[in-house]
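Presented below is the structure to which this report refers.
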2 protein chains.
Amino acid sequence: MRKFNDSLPLRLLKAREAAMAFFRPLLQEIPLTEQQWRVIRALNEFEELESKQLAELCCILSPSLTGIINRLEQQGYIKRRKSSEDQRRILISLTEKAKDMFARMSPLLEERYQEMTERFSSRDMKKLEELLNKLCDVKP
Amino acid sequence: MRKFNDSLPLRLLKAREAAMAFFRPLLQEIPLTEQQWRVIRALNEFEELESKQLAELCCILSPSLTGIINRLEQQGYIKRRKSSEDQRRILISLTEKAKDMFARMSPLLEERYQEMTERFSSRDMKKLEELLNKLCDVKP
DNA sequence: TTCATTTTATTAATATGTTAATGAATGTCT
DNA sequence: AGACATTCATTAACATATTAATAAAATGAA
């Protein structure tokens, strides 16, 4: 069998840890978890989203998202309203507080992203992204 | 700022999910979690490991590993003993039951790995692994 | 040797991941 | 309209992730 360290899932996990190491310190200062930031980032781009869309975009399962949304609401970062057509659906959007925080944080995080890209090599980063996208399309 | 879906950490997360989709169904039949299998796989290769080494190898933090080890012991898959030189250290190894199970499962998982590699392209897989390894070495 | 420091595993507290089950709202079909 | 299935969000139950704190053992310097 393949050696333990040659496992692709393990490599993907380690690579992700290495990448997140650039951003975690900044998020911890606020403080926000990685998942909370992912949700806020998605909402900043798409304005208002249904819970289900948000879960799909952020790669977070619905039950986890329920908790994350609750905590973000407690912290005053998001607001929710019910859809008028379909009473099951919840529509979620950022508060002003969240938008301000995002505007303050995103340049700092972008800076780190550049730093990571440079240290890794801009060309390799592009190639890596291509391959990851391709891998996402491979299904059993 | 970069579009939401262009984030490298998110891509790594999605790619990992795509890869794990090949293996999850098999593990669920036993049943074993992904982390439990990672621990068993490491122990199969290294015979006996200290808790700390195991955590390092499997990319699992010590507090999580404590629970995983406890549950695996409950299920009869691992045994633990104290180091004679250093009374703090715990040495962990597989039981016969675990070795048998591993011998039965690993060919099936290896089959899936081949299937994944073929669908993805063997050359691209190699390139991807290279890039992931390189990314792991990039530090803030 | 003694005291302070460091290392190791664990516990505590909280957040998230994962699958199954639930309840409410909607859709479908007759 | 009424019975049935489907969809969506949530809850439940358990496993893992994460940071801080702790207790015990080992180490190192005075």
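A, B, ... follow the sequence lines: proteins, then strands. Residue 1 opens every chain.
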Would you kindly give the CD1-to-P distance between A:I92 and D:dC8, to the nearest whole Å? 14 Å
Steps toward salt bridge (Lys or Arg N to Asp or Glu O under 4.0 Å) verdict (A:K126, A:E129): CA-CA 5 Å; A:K126 212 166 176 179; A:E129 286 169 357; over 6 Å; no
Taking CG from A:L61 and C1' from D:dA13, how many angstroms apart are they, rounded to a whole number? 15 Å
Closest-nucleotide mapping onto DNA chain C: is B:Q53 or A:Q36 further toward the 5' terminus? I mean the 5' end. B:Q53
Regarding A:L65, tell me which of base, sugar-phosphate or nothing describes its non-hydrogen contacts under 4.0 Å with the strands shown. nothing
Upstream residue (5' side of DNA chain D) when B:S64 and A:E50 are each assigned their closest nucleotide: A:E50
Salt bridge between A:R16 and A:E34, side-chain N to carboxylate O under 4.0 Å? yes
Testing A:E73, A:E50, A:E48 one by one against A:R81 for a salt bridge (Lys or Arg N to Asp or Glu O under 4.0 Å), which residue passes? A:E48
Could you state the atom-to-atom distance from CD1 of A:I60 to P of D:dA17 in whole Å? 16 Å
Main-chain N/O of A:F120 paired with B:K134 side-chain donor or acceptor, under 3.5 Å: yes
Strictly distance-based, threshold 3.5 Å: is any side-chain N or O of A:T66 a donor or acceptor partner for the main-chain N or O of A:S62? yes
A:M20 has an atom CE; how far is it from atom P of D:dA17, in whole Å? 15 Å
In whole angstrom, give the distance that lies between atom CD of B:Q35 and atom C1' of D:dA15. 8 Å
With a 4.5 Å cut-off on side-chain heavy atoms, are B:Y113 and B:L109 touching? no
Please check if atom NZ in B:K99 has more than 12 non-hydrogen atoms from other residues, nucleotides or ligands closer than 6.0 Å. yes
Using a heavy-atom cut-off of under 4.0 Å over every strand shown, decide if B:T33 touches base, sugar-phosphate, or nothing. sugar-phosphate
Using whole Å, report how far CZ of A:R89 lies from P of D:dT10. 13 Å
Rounded distance (Å) that lies between atom C1' of D:dT16 and atom CZ of B:R16: 12 Å
Note, A:K14 side chain near B:N133 side chain (heavy atom, < 4.5 Å): no
Reckon A:T66 has a side-chain N or O less than 4.0 Å from the OP1 or OP2 of D:dT10? yes
Do the side-chain N or O atoms of B:R71 get closer than 4.0 angstrom to the phosphate oxygens (OP1, OP2) of D:dT16? yes
So what does B:S62 hit on the nucleic acid, given a heavy-atom distance under 4.0 Å: a base, only sugar-phosphate, or nothing? base
Please determine if A:R89 and A:D86 form a salt bridge, counting it only when a charged side-chain N lies under 4.0 Å from a carboxylate O. yes
Which ones in residues 75-88 of chain A lie close to DNA chain C, meaning a heavy atom under 4.0 Å from one of its atoms? A:E85, A:D86, A:Q87, A:R88
Using a 3.5 Å distance criterion without hydrogens, assess whether the side chain of B:R38 forms a donor-acceptor pair with backbone atoms of B:C58. yes
If you walk 5' to 3' along DNA chain C, what is the first nucleotide with an atom under 4.0 Å of a heavy atom in chain B, and what is the last? C:dT7 to C:dT19
Figure out the CD1/P separation between B:I68 and D:dT18, and round it to whole Å. 11 Å
